[in-house]
There are 2 protein chains.
Amino acid sequence: MTGSNTKSARTRAKILDAAALTFRLRGYAATTLKDIAEAADMQTGSLYYHFESKAKLMEEVLDKGIREVHAGVLKSQKELAADVSAEQRILSAVHAHLILLLKNGDYTSTNIRNFGQVPDEVHQHHIKLRKAYADLWRKILRQAQQEGALAADIDLALLRMLLMGALNWSVEWYQPDKTSIEAIAQQVCRMLFHGIGSSRPLKNASA
Amino acid sequence: MTGSNTKSARTRAKILDAAALTFRLRGYAATTLKDIAEAADMQTGSLYYHFESKAKLMEEVLDKGIREVHAGVLKSQKELAADVSAEQRILSAVHAHLILLLKNGDYTSTNIRNFGQVPDEVHQHHIKLRKAYADLWRKILRQAQQEGALAADIDLALLRMLLMGALNWSVEWYQPDKTSIEAIAQQVCRMLFHGIGSSRPLKNASA
DNA sequence: GTCTATAGGAAGATAGAC
DNA sequence: GTCTATCTTCCTATAGAC
């Protein structure tokens, strides 16, 4: 019945939202079910009608976080015209990742911030989805390299991890009222493709 | 008496090491004083002779983590010959940061992984040291730009945060038996300065 | 479906013997 | 300085009324 619109489904969604928010702010262990219940305007005991444990609740939040960012990046790629450059495709993926992380964000950023510190069972359960998302990026980068848009000697695994790190870390510093997400994505890609050194190709490179 | 070699000081250091290790693995909230005591071969109650609370213990671990990486990067800069290029200086700083994070690492990586999720009091206490470390990087990058080694239109604040993100994230993926830290640092700097695009300046650029 | 009440356990911290 | 024992509090989870 996922996604149905019964009252139960709506309450369930409200709890999940509250959990994502609270987990993101405080982390898994430091979040109590009372915190979540308060954020969802309920009593602690009532949560158990919808979720069997704190761990299961976290599992769903983490899963939804990865699914959202995965779907967002995938969509960004499908919406591109067939003939756009590899740089455009990567810019689009970077932008989509940042949007999901920083704007649509409690689920995805809970995922980023807490993945390392959940109970083993939750961690294990979640690994497959993480890998699937990593595979999407592998594919994007590999294609760019095969087309010759990325230098042949770039280590794609290293590049991917550095890029994910640079992007994911933005949850720690991003301020909505400063630079726009789109501007950040553009600058990331410009530095990435053309380098920060003064000898790099100039100006119109990112147009 | 910090750094003295009395028995008390040695026990204190042993507890701190155990705490850094355990906090890094499990996070602040999920770590119990019993965990720390076990890792230090003591009983829980005995910890209180040396530290007044779990929060104070975390404060010291976090402080030591930043101090170590700050000192390491500073040392890397002082040891360079006066005439090395900006790229060399940054490579050296990147390398030092990674070494502290990945090799000498429980204090620094506890810091990276848990900074967002400690009690407010601990967080507040720690902000100054974080800022001082950020200032060191600001200075390194600004100087490189002033010398003309970084393109004039690079946003240094953004660059710094992206770079810290890319480096710090390595605690999540680094495997000691794969690529060496030195090789990672070199590749990071090569991609960073010259870009990943196929049009970038070739080969000897990083020599 | 949501509430109140509470069981059962573990956590941080303290007291006092040695 | 370190131990054992314990206080107090808070948390997850369950039971049963409504």
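Naming: A, B, ... by sequence-line order, numbering from 1 per chain.
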Send over the distance from [X] [atom1] to [N] [atom2], rounded to a whole Å.
| X | N | atom1 | atom2 | value |
| --- | --- | --- | --- | --- |
| B:I15 | D:dG1 | CD1 | C1' | 10 Å |
| B:L33 | D:dA5 | CG | P | 19 Å |
| A:I36 | D:dA13 | CD1 | P | 11 Å |
| B:Y49 | C:dA13 | OH | C1' | 18 Å |
| B:K34 | D:dT6 | NZ | P | 17 Å |
| A:L47 | D:dA15 | CG | P | 17 Å |

Which nucleotide in the set D:dG1, C:dT2, D:dC3 lies at the smallest distance from any side-chain heavy atom of A:T11?
C:dT2
Choosing from D:dG1, C:dC3, D:dA13, which nucleotide comes nearest the side chain of A:M42?
C:dC3
Any residue in residues 50-61 of chain A with a heavy atom nearer than 4.0 angstrom to DNA chain D? Just list them by number, or reply none.
A:S53, A:K54
Would you say a side-chain N or O of [X] is under 4.0 Å from OP1 or OP2 of [N]?
| X | N | answer |
| --- | --- | --- |
| B:T32 | C:dA10 | no |
| B:Q43 | D:dT2 | no |
| B:S46 | D:dG1 | no |
| B:Y48 | C:dT14 | no |

Could you tell me which non-hydrogen atom of B:S46 sits nearest to which non-hydrogen atom of B:H50, and how far apart they are?
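Smallest heavy-atom distance, with atoms named: O-CD2, 3.8 Å.
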What heavy-atom pair brings A:Q117 and B:Q117 nearest, and what distance separates the two atoms?
OE1-OE1, 3.5 Å
With A:D106, which of A:R24, A:R113, A:K64 fulfils salt bridge (Lys or Arg N to Asp or Glu O under 4.0 Å)?
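Filter result, single survivor: A:R24.
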Run the side chain to side chain contact (heavy atoms under 4.5 Å, CB included) test against A:A185 and tell me which residues pass, sequence neighbours left out.
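Partners of A:A185 under the side chain to side chain contact (heavy atoms under 4.5 Å, CB included) test: A:L91, A:V94, A:H95, A:L98.
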With A:K103, which residues qualify under side chain to side chain contact (heavy atoms under 4.5 Å, CB included), at least two apart?
A:I99, A:I181
Touch class at under 4.0 angstrom, heavy-atom based, for A:T6 against every strand present:
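If one applies the 4.0 Å heavy-atom cut-off, A:T6 turns out to touch nothing in the nucleic acid.
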Could you tell me whether B:S8 contacts a base, only the sugar-phosphate backbone, or nothing, with contacts defined as non-hydrogen atoms closer than 4.0 Å?
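Touches sugar-phosphate only.
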Going through the distances and angles, do A:R130 and A:N111 end up as a side-chain hydrogen bond (donor to acceptor under 3.5 Å, both in side chains)?
CA-CA 10 Å; A:R130 283 236 151 189; A:N111 192 295; 2.4 Å; yes
How are the rings of B:H70 and B:Y133 set relative to one another: parallel (under 30°), tilted (30 to 60°) or perpendicular (over 60°)?
tilted
